[in-house]
Amino acid sequence: MKALKKICVAVAALSVVSIAFLSCRTEDDDYEVISVNSNGASVDFENESKYDVEYARGFVTTNTKHYGGICNMNINSSNQNSSMGFIFGFGDSAAGGYGFGIVGIKSFNGITSSGNGYYVSLYSGVTSDNLSGDSANFGGTEHPLVTTWTESNTRNYQIQVYQVKEAGKLDTNGDGTADETSLSADDYPVGSYVVRVYPNNTEAHDAGASATIKGSDIVIKPTDFKTYTGVNKTGYSQEKLGYYAMVAEGYSLKGNWTLKSTFGAAGTESSSGDIGDYQQW
């Protein structure tokens, strides 16, 4: 059983856009997997036997809601059961607790073997205790959408999560004006999440039959997102973003997240890298 305490941290950030935020977070007395900084977060953690957990998890969410965001991730893991990810669509789940999506990077037999890969999964019915607990699938229900592996040992990824504001059109600049206008309205209905992962393996396959693979796009329609997360998503709407890490017992994980931009916060259409307040679960 983890002993928890409340910690308030004030952080002032100077970047392209000057950011200042105050956070009250929940932190474990014995270990902290993710450290948040001014423009993202980092992990440098070894899951030693003294922690007595099969999987040590870190889970951080924004307190502000967003339509989507762009995040660079770098992973350096010593075990295939360690991973890190970018969280999107985090909100209250009709199944109880929370629902969300994760675009994750997972080491494939560690950094000395045949490579890393990424996955996209949706989760529902996750309680607050299990967000950073060691239960399988966060103690909730996982709905896998996409799993793919690279052939080389790629450690650097860019995760792009957009949302369709007008059917068949996509705004990838975050300025409220669609710059991709010739997409299929049936495949890209209003409110769909569009996930792009670079480098992207074109052999990505749809394991859950509830995401549409269109070239480099993984399209999650709002009805499917609601079904498999329990989050009451209606049309073009904002939910929370975040960072996730998991380290298997006896192994280590190093990596970082750099939040390049977010779309929609505090009534604005976009804000460069500003996640505002955050909560560490």
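Throughout, numbering of the chain's residues begins at 1 and tracks the sequence.
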**Request:** Just do the side chain to side chain donor-acceptor pair (under 3.5 Å) check on T127 and N130 with the steps written out, would you?
**Result:** CA-CA 5 Å; T127 65; N130 279 323; 3.2 Å; yes
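- Within the 4.5 Å cutoff, no side-chain heavy atoms of N39 are placed close to those of L259.
- When all heavy atoms are compared, the tightest approach of V103 to M73 is O-CE, 3.8 Å.
- Ring centroid separation for the pair F100 and Y244 does not come in under the 6.0 Å cut-off.
- Across all their heavy atoms, F45 and A56 have their closest contact at CE2-CB, 3.6 Å.
- With contacts defined as side-chain heavy-atom distances shorter than 4.5 Å, the pair Y119/I102 qualifies.
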**Request:** Assess whether side-chain contact (heavy atoms from CB on, under 4.5 Å) is satisfied between Q279 and K240, documenting all intermediate values.
**Result:** CA-CA 11 Å; Q279 179 169 0; K240 296 177 181 180; 5.5 Å; no
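- A heavy-atom distance below 4.5 Å is not found between the side chains of V194 and V161.
- A donor-acceptor distance shorter than 3.5 angstrom exists from the side chain of T62 to the backbone of L241, with no hydrogens or angles considered.
- Separating the CG atom in N256 from the CD1 atom in I75 is a distance of 10.5 Å, to the nearest 0.5 Å.
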**Request:** Determine, stepwise, if the pair V231 / K226 fulfils side-chain contact (heavy atoms from CB on, under 4.5 Å).
**Result:** CA-CA 5 Å; V231 177; K226 181 178 180 179; over 6 Å; no
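- You'll find the side chain of Y98 reaches within 4.5 Å of the side chain of L131, heavy atoms only.
- The nearest pair of heavy atoms linking R196 to L170 is NH2-CD2, 3.6 Å.
- You'll find the side chain of Q160 stays beyond 4.5 Å of the side chain of K260, heavy atoms only.
- For the pair A245 and V43, the tightest heavy-atom approach, listed with the atom from each and the gap, is CB-CG2, 4.4 Å.
- Aromatic pair Y157/Y198: centroids not less than 6.0 angstrom apart.
- In this structure, S135 contributes its side chain and F138 its backbone to no donor-acceptor pair below 3.5 Å.
- In this structure, T227 contributes its side chain and T223 its backbone to a donor-acceptor pair below 3.5 Å.
- Shown here are the side chain to side chain donor-acceptor pair (under 3.5 Å) partners of T172, two or more places apart in sequence or in another chain: D179.
- Proximity of a side-chain donor or acceptor of N47 to a complementary backbone N or O of V247 within less than 3.5 Å is detected.
- The one candidate from Q238, E239, Q163 that meets the side chain to side chain donor-acceptor pair (under 3.5 Å) condition with K233 is Q163.
- For the atom pair T262 OG1 and I70 CD1, the distance stands at 9.5 Å (nearest 0.5 Å).
- Side-chain contact, H66 with T64: a donor N or O sits under 3.5 Å from an acceptor N or O.
- Taken to the nearest 0.5 Å, the OG1 atom of T229 stands 11.0 Å off from the CG atom of D92.
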**Prompt:** Passes side-chain contact (heavy atoms from CB on, under 4.5 Å), I220 versus L122? Steps please.
**Reply:** CA-CA 10 Å; I220 308 169; L122 303 180; 4.2 Å; yes
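- Rounding to the nearest 0.5 Å gives a distance of 9.0 Å between CG of D187 and OG of S192.
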**Request:** Quick one: do E249 and Y251 satisfy side chain to side chain donor-acceptor pair (under 3.5 Å)? Show the steps, please.
**Result:** CA-CA 6 Å; E249 185 176 10; Y251 295 93; over 6 Å; no
**Asked** Step by step, would you call Y162 with D217 a side-chain contact (heavy atoms from CB on, under 4.5 Å)?
**Response** CA-CA 10 Å; Y162 303 108; D217 290 355; over 6 Å; no
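- Ring geometry for F59 versus F90: interplanar angle of 30 to 60°, hence tilted.
- In this structure E142 satisfies the side-chain contact (heavy atoms from CB on, under 4.5 Å) test together with S121, Y123, N137, P144, sequence neighbours excluded.
- Summarising the geometry of P189 relative to K221, their closest heavy-atom pair is CG-CG, 3.9 Å, with the distance given to 0.1 Å.
- Taken to the nearest 0.5 Å, the OG atom of S182 stands 9.5 Å off from the OH atom of Y188.
- Counted within 6.0 Å of NZ on K254, heavy atoms from surrounding residues, nucleotides or ligands total 12 or fewer; the atom is thus considered open.
- Ring-plane geometry between W257 and Y243 is classed as tilted, the angle between the planes lying from 30 to 60 degrees on a 0 to 90 degree scale.
- Y193 pairs by the ring pair (Phe, Tyr, Trp, His ring centres under 6.0 Å) definition with F88, F225, not counting sequence neighbours.
- Between T177 and D171 the shortest heavy-atom distance is O-OD1, 3.2 Å.
- The CD1 atom of I105 lies 13.0 Å from the OG atom of S82; values are rounded to the nearest 0.5 Å.
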**Request:** For salt bridge (Lys or Arg N to Asp or Glu O under 4.0 Å), just list the numbers for D134 and R57, CA-CA rounded to whole Å, side-chain angles, deciding distance to a tenth of an Å, and then say yes or no.
**Result:** CA-CA 7 Å; D134 62 349; R57 283 196 176 100; over 6 Å; no
